[in-house]
A.B. asks: 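Starting off with a structure, shown below.
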Amino acid sequence: MSVTVVVLAAGQGKRMNSDLPKVLHPVAARPMIEHVLDTAALVSDTPPIVVYGHGGEILKARLAHRDVRWAEQREQLGTGHAVAQALAQVPSQGDVLILYGDVPLLTASALAPLVAAAEAGGIAVLTAHLADATGYGRIVRGGADDAVLRIVEHKDAGPAELDIHEINTGIMVVQGALLHRWIPALGNDNAQGEYYLTDCIAMAVAEGRNVGSATLADADEALGVNNRRQLAEVERLYQARMAGRLLDAGVTLVDPARLDIRGEVSCGRDVVIDVNVVLQGRVSIGDNVRIGPNNVITDCEIGDGVEILPNCVLESASIGPRSRIGPFSRVRPDSHLGAEVHIGNFVEIKKADIGQASKVNHLAYVGDAEIGERVNVGAGTITCNYDGAFKHKTVLEDDVFVGSDTQLVAPVRVGRNVTIGAGTTVTEDVEADRLVISRVRQKTITGWQRPRKDKA
Ligand code: UD1
Ligand code: CA
């Protein structure tokens with residue numbers, strides 16, 4: 001049966017102390033509500049309805065790339081009132097799944113039993129067992145089958161109810177037709193003067209319906225974000241989950257708590273990742289790759305057997321098999337390194353193709369360049385690619401040897417097997433197999449004395 005998802009996201013998030021609407025605060029570098037929308041997309045094929053209140057324009061702009069229906073809740077009068085704002089867009093056929101925009105760790109696999117539990121009576125709630133249930137609605141059960149009878153909000157609860165450790169996560173499934181009947185009938189005669197969505201449970205029981213329930217195996221999935229402490233806690237739990245997946249897939253993590261994944265990472269076999277590594281965007285890592293400490297890798301494709309030594313920043317690049325990068329290398333976007341390439345310390349590569357077995361080992365800038373195979377770029381070599389207005393290209397063909405401290409003034413092409421003497425400024429194209437050198441001849445002056453200060 002089809003499921004319509006309603007995401008409640010109108011809460012102000014006052015305790016975040018922020019100008020940004022709460023649900024846009026990031027978890028793993030993406031607005032937390034996007035994690036919720038991803039989960040929604042796994043259980044429903046119709047666009048979710050997002051109930052928003054504060055910061056509607058910012059929210060709509062930031063989620064413009066997603067297929068979402070919007071419902072405004074001008075005043076936050078409770079979860080039942082929030083659902084009421086979405087009701088006009090909710091079909092009577094099929095089930096409605098209510099999610100919270102500030103509960104980003106919930107997985108689709110935890111929702112399947114909830115949907116199943118709603119089949120019999122048309123309604124089911126997702127519960128969790130918490131050692132400290134403070135603040136949560138309590139699940140009151142009774143009768144021969146210990147069925148759910150009602151949910152009592154913390155502020156409305158008596159001493160016996162406060163002792164209950166099974167809580168309402170807030171997530172529930174209700175048949176559309178029932179929601180259309182019950183929501184308009186909700187009252188607000190309670191401790192907070194709010195329209196409680198949870199009062200639907202008692203309505204179902206009054207109709208003689210069986211209220212289904214599913215209990216989270218991992219209560220952390222229900223964690224909501226109300227302040228920055230909880231945001232940080234949710235981030236760590238999310239990261240632990242991501243690290244756990246890599247471990248299960250056969251990746252060695254020297255410390256699973258010191259890896260951060262902000263995107264999608266795929267790893268081959270026998271990959272080793274050392275401490276303080278950040279992987280962002282789409283990163284694909286081949287077999288037998290070793291990533292040293294303190295590396296930040298964004299949107300990269302890393303071939304088999306690559307070794308990344310400590311302290312590198314790599315972005316939007318492909319690194320060929322068995323290449324060795326770092327320590328202290330920066331590889332910037334649009335760089336494509338072939339197999340067995342070596343990039344060393346204090347080297348910056350930008351928008352460059354570098355062929356197999358070429359080396360740029362020390363203190364160099366290679367930008368807007370096409371470098372052939374087996375090229376050796378000496379220490380201190382600079383491609384002078386920018387004339388103040390335009391970028392120009394440097395081409396080094398196969399087997400070129402670039403001596404140290406060379407400037408390659410682009411546009412310039414250096415033919416195969418050319419040797420460039422140290423200290424040369426190459427301003428004109430060079431044909432294959434030549435030696436090119438532009439260097440002031442050495443002068444040696446005999447009997448020279450450095451000026452000296454007289455010692456008083
Ligand atoms: C609600 C449940 C409670 C449950 C708890 C889990 C009710 C009456 N209570 O508590 O049983 O244990 O969640 O966290 O449902 N929202 C709106 N508009 C509103 C009010 C809330 O969109 O007018 C949204 C919030 O943005 C949030 C969610 O609904 O995403 C829950 O609101 P919150 O105030 O945190 O929950 P409580 O009502 O305290
Ligand atoms: Ca909350």
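Quick note: numbers below take in every heavy atom, side chains included, and nothing from hydrogens, waters or symmetry partners. Both counts, for ligands and for their atoms, begin at 1 and track the order of listing. Along the sequence shown, residues are numbered consecutively beginning with 1.
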A.B. asks: Please determine whether the number of non-hydrogen atoms from other residues, nucleotides or ligands lying under 6.0 Å from atom CD of E307 exceeds 12.
C.D. replies: yes
A.B. asks: Applying a strict 4.0 Å limit to heavy atoms, is I167 in contact with ligand 1?
C.D. replies: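 For ligand 1, residue contact (heavy atoms, under 4.0 Å) with I167 is absent.
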A.B. asks: Going by the closest heavy atom to atom 1 (C) of ligand 1, which one wins out of Y52, Y100, Y136?
C.D. replies: Y100
A.B. asks: What atoms of ligand 1 come within less than 4.0 Å of a heavy atom belonging to L8?
C.D. replies: 22 (O), 24 (C), 29 (O), 30 (O)
A.B. asks: State the atoms of ligand 1, each with its element, that fall below the 4.0 Å cut-off from a heavy-atom position in T198.
C.D. replies: 7 (C), 8 (C), 11 (O), 15 (O)
A.B. asks: Would you say A82 has any N or O atom under 3.5 Å from an N or O of ligand 1, going by distance alone?
C.D. replies: no
A.B. asks: S323 side chain to V341 main-chain N or O, any donor-acceptor pair under 3.5 Å?
C.D. replies: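 The answer is yes, because a donor-acceptor pair under 3.5 Å joins these two groups.
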A.B. asks: Nearest to atom 23 (O) of ligand 1 by heavy atom, C200, P21, G78: which?
C.D. replies: G78
A.B. asks: Would you please name every residue forming a side-chain hydrogen bond (donor to acceptor under 3.5 Å, both in side chains) with H392, sequence neighbours left out?
C.D. replies: D387
A.B. asks: Measuring from atom 21 (C) of ligand 1, which candidate in T79, V83, V7 has the nearest non-hydrogen atom?
C.D. replies: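 The option holding the nearest heavy atom is T79.
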A.B. asks: Would you kindly say whether S213 and R141 are connected by a side-chain donor-acceptor distance under 3.5 Å?
C.D. replies: yes
A.B. asks: For ligand 1, which atoms have a heavy atom of G137 less than 4.0 angstrom away?
C.D. replies: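 By the 4.0 Å cutoff, the relevant atoms are 3 (C), 4 (C), 11 (O), 12 (O).
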A.B. asks: Out of K22, Q12, Q73, who is nearest to atom 17 (C) of ligand 1 when you count heavy atoms only?
C.D. replies: Q73
A.B. asks: Assess the side chains of N385 and T383: does a donor N or O sit below 3.5 Å from an acceptor N or O?
C.D. replies: no
A.B. asks: I'd like to check which ligand 1 atoms, numbered from 1 as shown, lie under 4.0 Å from a non-hydrogen atom of G11.
C.D. replies: 17 (C), 22 (O), 25 (C), 26 (O)
